[in-house]
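The structure under discussion appears below in the form of structure tokens.
Keep in mind that what you see is a predicted model, and the values were worked out from it rather than measured. Residue numbers start from 1 in every chain, and the chains themselves are labelled A, B, ... in the order their sequence lines are given, proteins ahead of strands. Computed over heavy atoms, backbone and side chain alike; hydrogens, waters and symmetry mates excluded.
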Number of protein chains: 2
Amino acid sequence: MQTIEQVLESKDIRVTAMRLLIYKFLAEKEVAVTLSDIEHAFVKADRTTLYRTIKTFEEKDIVHQIDDGTGITKYALCENGCNCEIETDLHLHFHCNNCNETICLTEHKIPQIKVPEGFVSENVNLVVKGICDKCSGQ
Amino acid sequence: MQTIEQVLESKDIRVTAMRLLIYKFLAEKEVAVTLSDIEHAFVKADRTTLYRTIKTFEEKDIVHQIDDGTGITKYALCENGCNCEIETDLHLHFHCNNCNETICLTEHKIPQIKVPEGFVSENVNLVVKGICDKCSGQ
DNA sequence: CAATAATTGCACTTCCATTGCAAGTATTAG
DNA sequence: CTAATACTTGCAATGGAAGTGCAATTATTG
């Protein structure tokens, strides 16, 4: 098990207090978060810093962006099984219409999608919407 | 073949000049359009009117909204084969990374997606990104 | 320790989506 | 036909999210 410091360093990201905190925040959340989620969690920090931290994480492939159709970009840590830098490794996301949370279903790979003649598929975004286990259960 | 007037009336939408024009515009376009596309096509009309017209069309199920991941909502007429009011009728959308256009692949139905135990799937949004036939071909 | 590079915070800006209100236009009842 | 009512349109303004420039601070390297 690597420390967060090691993870960051291995990706050429300088270790700062801010980045450690944000990484930890993302790691603790099991759902994808918006920028304003992070903002609310770190009221002392500046919006821009949070924004740029996430962007850095994204560039260095330790976070991936999720477009769940709510219109607001969400982010989640790339971990165990998520190799989102590889175009062909695509997992799907589930958005709960009840609690409004979005989670990565990392084990669920997206089936091969056929596109018409002349079209070249480079990337697939698949979001399933419905009721999540927590909300449907009881 | 119904006239546009008949289409609108059958959906309980009052026929106005504005609505006929916007419907015609959407019908002529074979790609999904953004609000500002419409805005540029109808510079004389007010943004709000265009916005509300599209929203009315959407409510009455003659237009469906597409979230292609560009961050800007696009709209397309529901026609021949698109029954988007029925949750189970889901076609996919193709977004071209080159020309930035998004089209409905109405004939291409989304395969059944399995979700984990406890999750209830109500809706699926699938956007394939890549190069469209016009851009890839010649 | 000095020079350099990266990070953070502040102040803006832009863009899209959305709403309130007033004016105009169409529809319906009397 | 006219008055009352409902719907539509345009204007103005708001809010939220994303993104950028610049200065100040902090870290890194020689």
Applying side-chain contact (heavy atoms from CB on, under 4.5 Å) to E59(A) and not counting sequence neighbours gives none
If each end axis of the helix from dC1(C)-dG30(D) to dG30(C)-dC1(D) is fitted on five C1' pair positions, the angle between them, to 10 degrees, is 20°
Bounded by its outermost nucleotides with an atom under 4.0 Å from a heavy atom of chain B, the footprint on DNA chain D reads dC7(D) to dA12(D)
inquiry  = Taking the basic N atoms (NZ, or NE/NH1/NH2) and the acidic carboxylate oxygens, is any pair closer than 4.0 Å for K60(B) and D12(B)?
reply    = no
Residue pairs passing the salt bridge (Lys or Arg N to Asp or Glu O under 4.0 Å) test with at least one member in residues 29-47 of chain A, sequence neighbours excluded, are E30(A)-K134(A), E39(A)-R47(A)
Hits for ring-ring contact (aromatic ring centres under 6.0 Å, His included) against H93(A), two or more places apart or cross-chain, chain-then-number order -> H64(A), H91(A)
Applied to residues 2-21 of chain A, the ring-ring contact (aromatic ring centres under 6.0 Å, His included) test, sequence neighbours excluded, yields none
Contacts of L50(A) and R52(B) projected onto DNA chain C by closest heavy atom; the upstream (5') one is L50(A)
- prompt: Can you find a heavy atom in the side chain of N98(B) that is under 4.5 Å from one in the side chain of N100(B)?
  reply: no
Determine whether a donor-acceptor pair (N or O, by modelled atom type, separation under 3.5 Å) exists between the side chain of S136(A) and the backbone of I131(A). no
Within residues 12-42 of chain B, the residues having a heavy atom closer than 4.0 Å to DNA chain D are R14(B), T16(B), M18(B), R19(B)
So, with a heavy-atom separation below 4.0 Å from DNA chain C, the residues of residues 2-9 of chain A are none
Check whether any side-chain N or O of K74(B) sits under 3.5 Å from a backbone N or O of L35(B) as a donor-acceptor pair, and report yes or no.
-> no
Q | Backbone of T49(A) reached by a side-chain donor or acceptor of T53(A) within 3.5 Å | A | yes
5'-most to 3'-most nt of DNA chain C touching chain A (<4.0 Å, heavy-atom partner on protein side) reads dA6(C) to dA11(C)
Side chain to side chain contact (heavy atoms under 4.5 Å, CB included) test vs M18(B) passes for just one of I22(B), V15(B), L20(B), namely I22(B)
Those residues at least two apart in sequence (or on a different chain) that pass salt bridge (Lys or Arg N to Asp or Glu O under 4.0 Å) with E9(A) are none
For R14(A), the salt bridge (Lys or Arg N to Asp or Glu O under 4.0 Å) test, sequence neighbours excluded, returns none
The complete set of ring-ring contact (aromatic ring centres under 6.0 Å, His included) pairs with one or both residues in residues 15-47 of chain A, sequence neighbours excluded, reads F25(A)-F42(A)
